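No experiment lies behind these values; they were computed from the predicted model shown. Numbers restart at 1 for each chain; the letters A, B, ... are given by sequence-line order, proteins then strands. Below, each value reflects all heavy atoms present in this structure, side chains not excepted, and no hydrogens, waters or symmetry copies.
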2 protein chains.
Amino acid sequence: MTLKTLSSYNPRRSPRQRRSAATVDVILEATIQVLLSTGTSQLTTTRVAERAGVSVGSLYQYFPNKQALFFALNDHYLDHLAGRIEKVCETLQGAPYTQMVQGVISEYINIKTERYDVTCALYRAAAEIDVSDIVESMCRRIEVASEGMLASASDAKFQNLSSLNVTLLNVLFGTVRTFFDRNRPELLNNQLQEQLIIMFCTYLNRAKLP
Amino acid sequence: MTLKTLSSYNPRRSPRQRRSAATVDVILEATIQVLLSTGTSQLTTTRVAERAGVSVGSLYQYFPNKQALFFALNDHYLDHLAGRIEKVCETLQGAPYTQMVQGVISEYINIKTERYDVTCALYRAAAEIDVSDIVESMCRRIEVASEGMLASASDAKFQNLSSLNVTLLNVLFGTVRTFFDRNRPELLNNQLQEQLIIMFCTYLNRAKLP
DNA sequence: ACCTGAACACCGTTCAAGT
DNA sequence: ACCTGAACACCGTTCAAGT
């Protein structure tokens, strides 16, 4: 998350200075509610403020513009996402690599599907702003965690691990994303997970060092 | 593309009735220009009409609302995309399967990157409307073409071809999409194409019938 | 028959007035 | 010091008036 990006979406008033961290959370929660009930195009700062029980003026004290709401939402979400994947990678240190593949794939799909509508709403919101920087930083965190994990596999060492790892993660992120674009959550089922696991394992197996 | 979806974005006046097919094209071309020069959030129906050299009123004669512009743009684009992939699949009938994999992957990436900024603009525009139906119909066309192609491979028959094919295409669509989200076109390079080809081929190889 | 663009309703954002 | 919400500028969309 670079300063350049932050500058446009940066909160006016830092909530840490006062007790108003709660207000910020209330506003963000209200944003999600409005997103879920009316969709991105119908989302109005007035409506969000109303739902949050504050005045529009107050909302604009904490968020410089409407996009800042979307930015904060995605920022929190991506941070949460990266944190959970990091945790899984930690847990799987030293395991056989097939277990690692399985663990990361299923955790990632779980996170995205456990609140399917929220994920959809966040994707919609993300499209209205430039999220490339926060997406990039989330990707980096996961790349580091995942590469560290794979390097510790109990049953294999890999050639070009860094490049393999990046490819696998991009495939995972992208494939899951596709099902949200197609609005076909039912395809994110066990069968797809199984196929991805097979694909990832055979791909890794091919690069195993003797 | 279902009737339900069409109803909201359907042109008011069918351009085939009069010489105004040109007007529709001019408006759509103007929409792309405005998207490229000012971005989605700054795009105004007035600005589009201005750029197209028609009045706002005229624009609304052909497009019932702003979203209809985005819908028409994506509809044309996805149709073009599916058409080109179908053609490649046709050309590759009876080839060895590794050539098929290579041909489809590189053509898909070519289409998406040959006008990178337009692709980005279309993704942005797509996020403001419900494109799941036209995306779905594009996916179906490509699935059919690709499955037919793979079934004709000169050097292999596959177990569960239909399921393999769907998985591979979703992975391809998704992986490419990821690089647009991350805004890192330089990663869509030959190395990634190579890795995807390897991954797809080993995945297919594993399912080869004796 | 078709085009035009002023007019309307609504939304993002501000800032003078309140406490 | 901070909140409020009327007010302003602007945008999507319409429709009475033109040709």
Can you tell me how far C1' of dC10(C) sits from CD of Glu50(A), to the nearest Å?
-> 14 Å
Taking only residues two or more places apart in sequence or in another chain, which ones pass side-chain hydrogen bond (donor to acceptor under 3.5 Å, both in side chains) with Arg140(B)?
-> Glu136(B)
Note: contacts of residues 27-44 of chain A with DNA chain C (heavy atom, under 4.0 Å) are Leu43(A), Thr44(A)
Sequence neighbours left out, cut at 3.5 Å: what donor-acceptor pairs do the side chains of residues 192-202 of chain B make with other protein atoms?
| residue | atom | partner | partner atom | Å |
| --- | --- | --- | --- | --- |
| Gln195(B) | OE1 | Tyr203(A) | OH | 2.3 |
| Thr202(B) | OG1 | Ile198(B) | O | 3.1 |
| Thr202(B) | OG1 | Met199(B) | O | 3.0 |

Would you please confirm or rule out a distance under 4.0 Å between OP1 or OP2 of dC11(C) and any side-chain N or O of Thr45(A)?
-> no
What donor-acceptor contacts under 3.5 angstrom involve side-chain atoms of residues 84-94 of chain B, with partners at least two apart or in another chain?
| residue | atom | partner | partner atom | Å |
| --- | --- | --- | --- | --- |
| Arg84(B) | NE | Glu107(B) | OE2 | 3.2 |
| Arg84(B) | NH1 | His80(B) | NE2 | 3.4 |
| Arg84(B) | NH1 | Glu114(B) | OE2 | 2.6 |
| Glu86(B) | OE1 | Arg141(B) | NH2 | 2.9 |
| Glu86(B) | OE2 | Arg141(B) | NE | 3.0 |
| Thr91(B) | OG1 | Lys87(B) | O | 2.9 |
| Gln93(B) | OE1 | Ser152(B) | OG | 3.2 |

Sequence neighbours excluded, which residues qualify as side-chain hydrogen bond (donor to acceptor under 3.5 Å, both in side chains) partners of Lys66(A)?
-> none
Can you check nucleotides 15-19 of chain C for protein contacts, nitrogen or oxygen pairs under 3.5 Å, and list what you find?
none

For the pair made of CG in Asn65(A) and C1' in dC10(D), what is the distance, rounded to whole Å?
-> 16 Å
Counting just side-chain N and O atoms, does Gln61(A) come under 4.0 Å of either OP1 or OP2 of dC2(D)?
-> no
Scan for salt bridge (Lys or Arg N to Asp or Glu O under 4.0 Å) pairs involving residues 40-52 of chain A, sequence neighbours excluded, and state none if there are none.
-> none
4.5 Å side-chain heavy-atom contact, Leu164(A) and Thr167(A) | no
Report the distance from atom CZ of Phe63(B) to atom P of dC3(C), rounded to the nearest whole Å.
-> 13 Å
What residues form a side-chain hydrogen bond (donor to acceptor under 3.5 Å, both in side chains) with Gln42(A), not counting sequence neighbours?
-> none
Could you tell me the separation between the NZ atom of Lys66(A) and the P atom of dC11(D), rounded to a whole number of Å?
-> 14 Å
Measure from the side-chain heavy atoms of Ser58(B) and tell me the nearest of dC3(C), dT13(D), dC3(D).
-> dC3(C)
Any Thr46(A) side-chain N or O less than 4.0 Å from OP1/OP2 of dC11(C) | no
Sorted by chain and residue number, the ring pair (Phe, Tyr, Trp, His ring centres under 6.0 Å) partners of Phe179(B) (sequence neighbours excluded) come out as none
One should report the stems of DNA chain C, each a stretch of at least three consecutive Watson-Crick or G-U pairs at distances under 3.5 Å, as C:4-8 with D:12-16, C:12-16 with D:4-8
State which residues pass side-chain hydrogen bond (donor to acceptor under 3.5 Å, both in side chains) with Thr175(A); sequence neighbours excluded, sorted by chain then number.
-> none
Rounding to a whole Å, what distance do you find between Leu59(B):CG and dC11(D):P?
-> 15 Å
With respect to the side chain of Val56(A), which nucleotide from dC11(C), dC3(D), dT13(C) is positioned closest?
-> dT13(C)
Using atom OH of Tyr62(A) as one end and atom C1' of dT4(D) as the other, report the distance to the nearest whole Å.
-> 13 Å
Results of ring pair (Phe, Tyr, Trp, His ring centres under 6.0 Å) for Tyr77(A) - residues two or more places apart only | none
Look at the rings of Phe180(A) and Tyr116(A) and say which category their plane angle falls in: under 30° parallel, 30 to 60° tilted, over 60° perpendicular.
-> parallel
